[in-house]
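These notes are about the structure you will find just below.
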Amino acid sequence: MTAERKIEDLYPRAPRYIIEIGDHQVVRFAQKPTGSKTMHTRIIDLSESGMAFLAPYLTAPQKDEMIKVEFTAPNTDSMACFAKVVRVQIHRTYNKHHEPQSFKLIAVEFKDLHPKQRQMLAAGLTQQFRNKQKQYQREQFYFKIKYWLLSPLNYLARSFKKRAQNKSQKNLTKQ
């Protein structure tokens, strides 16, 4: 066995699902002490073990802090649980006017997630993955059909154009 090992071998991660525009992408979170303010923000990615979301600079939780999160995973009902903040980093993005905006990207690990919730989350993510896979396969199928139908037509068009150019050149040389 070599001394070098991949980081994935040492710290296995659950597969991530990247949240897209059409997906339910809102998470509500609050710091753990009672009476703290609840905030809404956008989920970036989601897995069975945790999620990453954006938070404004001033309201972002700190690393190792316990927070409450409520979200709706794809193809599931809303769920709430406690999560531990495992990573906080600066995330730059742009608004619709192409002006830079800075947020903090908060990565959390779910804590004490009920087995039924974990099962529901896994089923929802698996279903969403299958839906995206089917959509990709459909797009590839249509692309291949378009390619196979249009390739001979493009070939014929190029050959007719070439013949027309050759005829015009022959006519010019005869004159």
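Residues take their numbers from the sequence shown, with the count starting at 1.
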Ignoring hydrogens, what is the shortest heavy-atom contact between Leu113 and Glu48? Give both atom names and the distance. CD2-O, 4.2 Å
Nearest-0.5 Å distance that lies between atom CD in Gln137 and atom CD in Gln133: 5.0 Å
How many angstroms lie between atom CD of Gln117 and atom CG of Asp77, to the nearest 0.5 angstrom? 11.0 Å
Nearest-0.5 Å distance, CG of residue Leu54 to CG of residue Leu105: 6.0 Å
Where Lys84 and Asp64 come nearest, the two heavy atoms and their spacing: CE-OD1, 3.5 Å
Inter-residue atom distance Arg87.CZ - Lys63.NZ, 0.5 Å rounding: 10.0 Å
Tell me whether His97 contacts the main-chain N or O of Glu99 through its side chain, where contact means a donor paired with an acceptor under 3.5 Å. no
Quick one: do Leu125 and Phe129 satisfy side chain to side chain contact (heavy atoms under 4.5 Å, CB included)? Show the steps, please. CA-CA 6 Å; Leu125 292 174; Phe129 175 75; over 6 Å; no
Provide the closest heavy-atom pair for Phe103 versus Tyr57 in the form atom of the first, atom of the second, distance. O-CE1, 3.7 Å
Work out which heavy atom in Phe71 is nearest to a heavy atom in Leu121; give both atom names and the distance. CE1-CD1, 4.2 Å
Any chance OH of Tyr136 has more than 12 other-residue heavy atoms, nucleotides or ligands included, within less than 6.0 Å? no
Measure across Ser49 and Arg118 and return the closest heavy-atom pair with its distance rounded to 0.1 Å. CA-NH1, 4.2 Å
Asn131 side chain to Gln127 side chain, donor-acceptor N/O pair below 3.5 angstrom: yes
Side-chain (Gln62) to main-chain (Val88) donor-acceptor, under 3.5 angstrom: no
Minimal non-hydrogen separation, Ile67 against Pro61, with atom names: CG2-CB, 3.9 Å
Separation between CZ (Phe110) and CG (Leu46), nearest 0.5 Å, reads 5.5 Å
Please step through side chain to side chain contact (heavy atoms under 4.5 Å, CB included) for the pair Gln135 and Arg138, ending with a clear verdict. CA-CA 5 Å; Gln135 178 185 355; Arg138 267 193 312 275; 3.8 Å; yes
Got a second to check how far Lys116's NZ is from Gln119's CD, nearest 0.5 Å? 7.0 Å
